[in-house]
Amino acid sequence: MSPSNKKIDQIDAGTLLHRIKNGEHVNLLDVREEIEYHTHNIGGKNIPLSQFDKLVKQLNYNKTDEIIVICKAGLRSQTAQSVLIQNGYQNVKNLTGGLIALHKLK
């Protein structure tokens, strides 16, 4: 990785599950489509990646809040993470492996 590339912050499923089970408040941002979110979710806000560019300005998080971006497998959330960083959010983490990885631990 070249010095000009910013490291992409990740959080693994085990760490996230531990934090949730311990009652810690986490800002979850689920970027799956609405039908996916309503079929199964672990909470948090749902802003589908397909609408993300136009809705990102409406987020009411502070730019320094930790935001954990989730999707099914971790790819859409990584794209959303990049958009958030481009919009000035400083503490954005991508759930590695997405909800698939989380489901395997339950």
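Every value quoted in this text rests on a predicted model; they were computed, and no experiment measured them.
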*Can you tell me which residue pairs pass the salt bridge (charged side-chain N to carboxylate O under 4.0 Å, His left out) test with a partner in residues 86-95, sequence neighbours excluded?*
Glu66-Lys93

*Mind checking who shares a hydrophobic cluster with Leu95, ILVMFWY linked at side-chain heavy-atom distances under 4.5 Å?*
Ile11, Leu16, Leu17, Ile20, Val26, Leu28, Ile42, Ile68, Ile70, Leu99, Leu102, Leu105

*Taking all non-hydrogen atoms of both residues, which atom of Ile100 and which atom of Ala73 are closest, and how far apart?*
CD1-CB, 4.2 Å

*Honestly, is Lys45 close enough over Tyr61, meaning NZ or CZ under 6.0 Å from the six-membered ring centre and within 45° of the axis?*
yes

*If every non-hydrogen atom of Asn46 is compared with every non-hydrogen atom of Glu34, which pair is closest and at what distance?*
OD1-CA, 3.6 Å

*Supply the atom-to-atom distance Ile67 CD1 to Leu84 CG, rounded to the nearest 0.5 angstrom.*
5.5 Å

*asked:* Just to verify, what does Thr39 make a side chain to side chain contact (heavy atoms under 4.5 Å, CB included) with, not counting sequence neighbours?
replied: Ile35

*asked:* Filter on salt bridge (charged side-chain N to carboxylate O under 4.0 Å, His left out), then keep only pairs touching residues 72-85, sequence neighbours left out; what's left?
replied: Glu36-Arg76

Please table the atom pairs, donor to acceptor, closer than 3.5 Å between any side-chain atom in residues 47-59 and protein atoms at least two apart or in another chain.
from	atom 1	to	atom 2	distance (Å)
Ser50	OG	Glu33	OE1	3.2
Ser50	OG	Glu33	OE2	2.9
Lys57	NZ	Asn87	OD1	2.7

*Point-to-point distance, once rounded to the nearest 0.5 Å, from CD of Gln81 to CG of Asp9*: 6.5 Å

_Can you tell me how far apart OH (Tyr37) and CZ (Arg32) are? Round to the nearest 0.5 Å._
8.5 Å

*Considering residues at least two apart in sequence or located in another chain, which fulfil the side chain to side chain contact (heavy atoms under 4.5 Å, CB included) criterion with Asp12?*
Thr15

*asked:* Treating Asp65 as the side-chain partner and Asn62 as the backbone partner, does any N or O pair qualify as donor plus acceptor under 3.5 Å?
replied: yes

*For Val31 and Ala80, work out which heavy atoms get closest and say how close.*
CG1-CB, 3.6 Å

*asked:* Is it true that Thr96 and Gln10 share a donor-acceptor pair across their side chains at a distance under 3.5 Å?
replied: yes

